[in-house]
Amino acid sequence: QVQLVESGGGLVQAGGSLRLSCAASGRTFSSCAIAWFRQVSGKEREFVSAISWSGVITYYADAVKGRFAISRDNAKNTVYLQMNSLRPEDTAIYYCAARPGVPSRRDEYDYWGQGTQVTVSS
């Protein structure tokens, strides 16, 4: 079992930055791939980024490539999402998710956090 808690969301102006954190508990965290998804009310959940257990493999959605950076610190059981050059269209609830094995761009993850709200004002 892996429990995930997101933090770091908030209100920021366009062009600003936020860093989201996903803190995990559970002995298997270091062997899990972690992903970030986001969802706007009334729309489907959207893939944002993912990272392998080692941190060597990372994936990004085209919409965030070059602006967002995912990283992890297995000693702290935490994954980060650094978000720069934020745009109003980045406004959403951001969720982290975990799964054993390789990362995926699909929402095929076993464990999910409760989400953190990110609002970008224009």
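A quick note: this is a predicted structure, and the numbers were derived from the prediction, not measured.
Hydrophobic cluster membership is shared by Val12 and Val64, with clusters built from Ile, Leu, Val, Met, Phe, Trp and Tyr side chains linked at under 4.5 angstrom. Hydrophobic clustering places Phe47 together with Ile57 (ILVMFWY residues linked when any side-chain heavy atoms are closer than 4.5 Å, directly or through intermediates). Residues Phe68 and Val118 fall within the same hydrophobic cluster, defined by Ile, Leu, Val, Met, Phe, Trp and Tyr side chains chained together at heavy-atom separations under 4.5 Å.
No side-chain heavy atom of Val40 sits less than 4.5 Å from a side-chain heavy atom of Thr91. Taking the side chain as every heavy atom from C-beta outward, Tyr60 and Ile70 approach each other to under 4.5 Å. Counting heavy atoms from C-beta on, the side chains of Leu20 and Met83 come closer than 4.5 Å. Using a 4.5 Å heavy-atom cutoff, the side chains of Pro103 and Tyr59 are in contact. The side-chain heavy atoms of Cys96 and Trp36, taken from C-beta on, include a pair separated by under 4.5 Å. Counting only heavy atoms from C-beta outward, the side chains of Tyr95 and Leu4 never approach each other to under 4.5 Å. Between Trp112 and Arg45, the closest side-chain pair of non-hydrogen atoms falls below 4.5 Å. For the pair Tyr80 and Asp73, the minimum side-chain heavy-atom distance is below 4.5 Å.
To the nearest 0.5 angstrom, Leu81 atom CG is 11.0 Å from Thr116 atom OG1. In this structure, Ile93 CD1 and Thr119 OG1 are separated by 9.0 Å, a value rounded to the nearest 0.5 Å. Taken from CZ in Arg67 to OG in Ser17, the straight-line distance is 10.0 Å, to the nearest 0.5 Å. Between atom OG1 of residue Thr58 and atom CD1 of residue Ile34 there is a gap of 14.0 Å, rounded to the nearest 0.5 Å. Interatomic distance, Ser122 OG to Arg87 CZ, rounded to the nearest 0.5 Å: 14.0 Å. How far SG of Cys32 is from CD1 of Ile51: 13.0 Å, rounded to the nearest 0.5 Å.
Ser21 approaches Thr78 most closely through the heavy-atom pair CB-CG2, 4.2 Å. The shortest non-hydrogen separation linking Gln3 to Gln1 is NE2-CB, 3.6 Å. When all heavy atoms of Phe29 and Val79 are compared, the pair lying nearest together is CZ-CG2, 3.7 Å. Looking at every heavy atom in both residues, Ala24 comes nearest to Val2 through CB-CG1, 4.1 Å.
The backbone N or O of Ala33 sits nowhere less than 3.5 Å from a side-chain atom of Arg72 that would complete a donor-acceptor pair. No donor-acceptor pair closer than 3.5 Å links the side chain of Gln114 to the backbone N or O of Val5. The closest donor-acceptor contact from the side chain of Asn74 to the backbone of Trp53 lies under 3.5 Å. A side-chain donor-acceptor contact under 3.5 Å links Arg99 to the backbone of Glu108.
A salt bridge links Asp62 to Lys65: one of the charged nitrogens lies within less than 4.0 Å of a carboxylate oxygen.
Side-chain rings of Tyr109 and Phe37 approach one another, their centers coming within less than 6.0 Å.
Seen from the ring of Tyr94, Arg38 does not count as a face-on cation partner, given the 6.0 Å and 45° thresholds.
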